[in-house]
Number of protein chains: 2
Amino acid sequence: MNYEYEGLKLKNQLCFPLYASSRLIVRLYGPVLEPLGLTYTKYIVMLALWEKDNIGLKELGGILFLDSGTLTPLLKKLEIQGLVTRERNLEDERNINIKLTDRGKRLKETAKDIPAKIGSCINMSARDLKELHRLLHIILENNKESQCLGL
Amino acid sequence: MNYEYEGLKLKNQLCFPLYASSRLIVRLYGPVLEPLGLTYTKYIVMLALWEKDNIGLKELGGILFLDSGTLTPLLKKLEIQGLVTRERNLEDERNINIKLTDRGKRLKETAKDIPAKIGSCINMSARDLKELHRLLHIILENNKESQCLGL
DNA sequence: ATTTAATAAATTGAATACAATTAAATTGTA
DNA sequence: TACAATTTAATTGTATTCAATTTATTAAAT
């Protein structure tokens with residue numbers, strides 16, 4: 001038997017189930033977020049801002065692992081929706097400060113049931129959930145300043 | 001203390017680390033696949049075909065959790081690259097059969113070192129890797145015919 | 001003080017994802 | 001047989017992602 005190609009089998013991939021389940025769960029959010037006028041990416045931006053308001057784009061990107069190429073157009077849309085404001089930092093005009101509007105702050109109230117709603121769709125024991133959480137964070141931490149990626 | 005909004009904290013999200021680490025690892029593949037003329041999505045299509053050649057688009061989509069909207073343009077590109085052929089099934093012309101060309105088959109040889117190359121970037125014990133694998137497959141299995149999603 | 005280097009955001013272009021619709025082929029049924 | 005329902009790909013339109021480039025601003029060095 002030739003084991004030379006074992007690593008190429010889908011069932012032996014780590015990335016594939018990661019990629020597939022990520023998309024699966026993001027898709028789960030779609031109809032739940034739609035009434036709030038949010039997409040999944042907009043939602044995690046709002047999550048970050050609800051925890052820390054008045055933050056620079058760079059810092060926001062550091063938290064969410066997203067760069068200005070993704071965030072700039074996204075934040076402009078959130079601004080048009082009246083959920084955030086974007087203004088240059090007066091002390092250093094290279095930076096931009098993102099702030100929640102009152103409407104953006106109030107949306108938190110509407111959003112607070114979403115985690116439970118999504119959670120009920122993921123049929124997994126609390127123990128497994130916690131373990132999955134731990135393992136994913138190992139990946140994120142390992143690659144935060146990876147020698148493999150130039151992040 | 002008000003715990004009403006605990007579920008909205010990023011650190012309590014399951015989806016966020018799933019989403020972030022998936023993107024992180026897909027990005028890891030970029031420079032590794034580039035010399036082969038493949039993107040990550042093209043790569044998993046090739047992985048599936050190396051395991052089962054001459055397969056319908058629908059069946060391929062079932063394996064990879066992708067629909068014709070994603071696969072049709074992707075397969076056309078792989079066809080232009082000379083890695084696959086697309087032909088209507090003569091018995092049922094609604095279906096299309098995807099076959100590897102000789103060149104597509106030979107690419108497997110070039111690709112066989114990729115899993116080890118990526119693996120070396122993911123600093124995780126064999127035990128943790130296996131556990132992560134198991135947990136991700138729980139999510140995929142649970143939602144394969146979910147009551148929450150209309151897949 | 002000038003010039004150079006570094007940093008942050010915005011822009012551009014390529015490649016997905018995916019919902020929704022359309023078109024073609026097949027199946028089931030009256 | 002006709003016709004409605006179903007199935008499969010393809011198409012369309014919207015929303016990301018991300019690498020690479022550009023522009024503006026600030027910091028560092030001469």
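Side-chain atoms are counted along with the backbone in the values below, which use heavy atoms only and exclude waters and symmetry mates. In what follows, chains carry the letters A, B, and so on, assigned in the order in which the sequence lines appear, proteins first and then strands, with residues in each chain numbered from 1.
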- Rounded distance (Å) that lies between atom P of D:dT16 and atom CZ of B:Phe16: 15 Å

- Message: What is the separation between atom CG on A:Leu64 and atom C1' on D:dT17, rounded to the nearest whole Å?
- Response: 13 Å

- More 5' along DNA chain D: A:Pro73 or B:Leu57, using each one's nearest nucleotide? B:Leu57

- Message: Does anything in residues 76-95 of chain B come within less than 4.0 Å of DNA chain D? Heavy atoms only, and list the residues if so.
- Response: B:Lys76, B:Arg86, B:Arg88, B:Arg94, B:Asn95

- Just checking, A:Arg23 and A:Tyr19: is the charged tip under 6.0 Å from the six-membered ring centre and within 45° of the axis? yes

- Item | Set of side-chain hydrogen bond (donor to acceptor under 3.5 Å, both in side chains) partners for B:Glu109, sequence neighbours left out | A:Tyr5, B:Lys112

- Integer-rounded Å distance: C:dA25 P and B:Ile96 CD1: 13 Å

- Nearest heavy atoms of B:Leu136 and A:Leu132, plus distance in Å: CD2-CD1, 4.1 Å

- Query: To the nearest angstrom, how far is A:Arg27 atom CZ from C:dT16 atom C1'?
  - Reply: 13 Å

- Task: Under the salt bridge (Lys or Arg N to Asp or Glu O under 4.0 Å) rule, collect the residues that match up with A:Arg88, sequence neighbours excluded.
- Result: none

- Write down the distance between CG (A:Leu66) and P (D:dA19), rounded to a whole number of angstrom. 11 Å

- Query: What pairs with B:Glu51 under salt bridge (Lys or Arg N to Asp or Glu O under 4.0 Å), at least two apart in sequence or on another chain?
  - Reply: none

- Listed partners of A:Lys99 passing salt bridge (Lys or Arg N to Asp or Glu O under 4.0 Å), at least two apart: A:Glu87

- Message: Can you measure A:Phe65 atom CZ to D:dC18 atom P for me and round it to whole angstrom units?
- Response: 11 Å

- Message: Run the salt bridge (Lys or Arg N to Asp or Glu O under 4.0 Å) test against B:Arg94 and tell me which residues pass, sequence neighbours left out.
- Response: B:Asp92

- Query: When only distance counts, do a donor and an acceptor, one from the side chain of B:Thr72 and one from the base of D:dA9, lie under 3.5 Å apart?
  - Reply: no

- D:dA15 - base-pair partner by Watson-Crick or wobble geometry, distances under 3.5 Å: C:dT16

- Task: Scan residues 106-143 of chain B for pairs that pass ring-ring contact (aromatic ring centres under 6.0 Å, His included), counting only residues two or more places apart or in two chains.
- Result: B:His133-B:His137

- Provide the Watson-Crick or G-U wobble partner of C:dA30, both distances under 3.5 Å; none if there is no partner. D:dT1

- Answer with base, sugar-phosphate or nothing: what part of the nucleic acid does B:Leu74 contact at a heavy-atom distance below 4.0 Å? sugar-phosphate

- Round to a whole Å and report the spacing from CG of B:Asp67 to C1' of D:dT11. 12 Å

- Query: Which one, D:dC18, D:dT8, D:dA10, comes nearest to the side chain of B:Ser68?
  - Reply: D:dA10

- Message: Below 4.0 angstrom, which residues in residues 32-56 of chain A have at least one non-hydrogen atom near DNA chain D?
- Response: A:Thr39, A:Thr41, A:Lys42

- Atom CD of B:Glu59 and atom P of D:dT7 are separated, to the nearest Å, by 17 Å

- Task: Tell me, please, which residues at least two apart from B:Arg134 pass side-chain contact (heavy atoms from CB on, under 4.5 Å).
- Result: A:Asp128, B:Glu131, B:Ile138

